[in-house]
Amino acid sequence: FNSVSKLSKKISKRNSKTMITAASIGVFFSFVAYMITGLLGLFMYGTDINDIILFYFKGDVEKFPGHTILGALCIVCILGFFISALLGFPLIFLAMRNNFSSLLVFLKNKFFKKEEVKKEAPEIKTGLSLNEGLGFILLTLGLYIGVLFVAIAVEKIIVLSKYSGVSCNNYITIMSPALFVLFLNKKWDFNRISALFVFFFGVAIMGAFIASEVLNA
């Protein structure tokens, strides 16, 4: 309890140093978890893996029906994945809905100018609100249906993951932070040069992926 209370105090008094420390610890444990999962999958199935490892767990259960321990471990892994996805999806969907709503508001304010309203005239609210009421419900249902359609239509989850990783994740985690540094830092120092290198590294990753997809098509 003492360690938890100390951690909560540090988080409540957060600053750049504590946030960097928390982010570094999170990235380290995520790296370890992904590396362990990837290495175990490589050791178990070799280089023939062409999809998420859950399908291979299912194949092991069907291939060795009398192996109780193996079957139990595979079932536990599959259930653990579905529980993780079930608990994690609402958080991811919440961020997607908020970002999509903000994008629509930005486009509306950007391309559709509001008419000037006289000060003495009362403000009249028209249209569908994206934060409440019918507009909020329609936006949520539309995004849910879109996510469900993509999940059903995609041939393999790993294909969707590759396109998402090289486009959205690449831009958010690599290219976008580098652009912030390039725009905000006016001096050509080490930080700006590094940001320029990181940005073009992200562009190179995206270009290499597109080229590999075109050559393998």
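Every heavy atom of this structure was used, including side-chain atoms; hydrogens, water molecules and symmetry mates were not.
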Worksheet item: How is the hydrophobic cluster of Ile83 composed, in terms of its other members, when Ile, Leu, Val, Met, Phe, Trp and Tyr link through side-chain heavy atoms under 4.5 Å apart, directly or indirectly?
Response: Leu87
Worksheet entry | Leu79: hydrophobic cluster co-members (side-chain, 4.5 Å) | Ile75
Item to complete: Mind listing the closest non-hydrogen atom pair of Met96 and Leu143 along with its distance?
Response: CE-CB, 3.9 Å
Discussion item. Applying side chain to side chain donor-acceptor pair (under 3.5 Å) as the test, list every pair that has at least one member in residues 169-178; sequence neighbours left out.
Written reply: none
Item to complete: Look at the side-chain heavy atoms of Ile, Leu, Val, Met, Phe, Trp and Tyr, link any pair under 4.5 Å apart, and say whether Met44 and Phe81 land in one connected group.
Response: yes
Discussion item. Do Leu179 and Ile193 land in one hydrophobic cluster if side-chain heavy atoms of ILVMFWY residues count as linked below 4.5 Å?
Written reply: yes
Worksheet item: Thr140 versus Phe136: any side-chain heavy-atom pair under 4.5 Å?
Response: yes
Fill in: Single-linkage hydrophobic cluster, 4.5 Å side-chain cutoff, Leu139 and Phe93 together
yes
Fill in: OG-CD1 distance between Ser167 and Ile205, expressed to the nearest 0.5 angstrom
12.5 Å
Fill in: Where at least one partner belongs to residues 174-202, residue pairs that pass ring-ring contact (aromatic ring centres under 6.0 Å, His included), sequence neighbours excluded
none
Worksheet entry | All side-chain contact (heavy atoms from CB on, under 4.5 Å) counterparts of Leu148, not counting sequence neighbours | Ile152
Practice prompt. Over all heavy atoms of both residues, which pair between Ala195 and Ala178 is shortest? Give the atoms and the distance, please.
Written response: O-CB, 3.2 Å
Fill in: Residue list, side-chain contact (heavy atoms from CB on, under 4.5 Å) with Ile69, at least two apart or on another chain
His67, Leu73
Worksheet, complete the sentence: Residue set satisfying side-chain contact (heavy atoms from CB on, under 4.5 Å) with Leu107, at least two apart, ordered chain then number -> Leu103, Phe111
Discussion item. Filter on side chain to side chain donor-acceptor pair (under 3.5 Å), then keep only pairs touching residues 177-186, sequence neighbours left out; what's left?
Written reply: Asn185-Asp189
Worksheet item: So do Val198 and Met175 actually touch side chain to side chain, heavy atoms under 4.5 Å?
Response: no
Discussion item. Please give the remaining members of the hydrophobic cluster of Val181, linking ILVMFWY side chains under 4.5 Å, ordered by chain and number.
Written reply: none
Worksheet item: Distance from Phe209 atom CZ to Met206 atom CE, nearest 0.5 Å?
Response: 10.0 Å
Ignoring hydrogens and angles, write down the donor-acceptor pairs under 3.5 Å from the side chains of residues 28-41, residues two or more places apart or on other chains.
unit_1	atom_1	unit_2	atom_2	d
Ser30	OG	Gly26	O	2.9
Thr37	OG1	Ala33	O	2.9

Worksheet item: In Å and rounded to the nearest 0.5 Å, what is the CG to CG distance from Leu184 to Asn191?
Response: 12.0 Å
Worksheet item: Got a donor-acceptor contact below 3.5 angstrom from the Ser102 side chain to the Asn98 backbone?
Response: yes
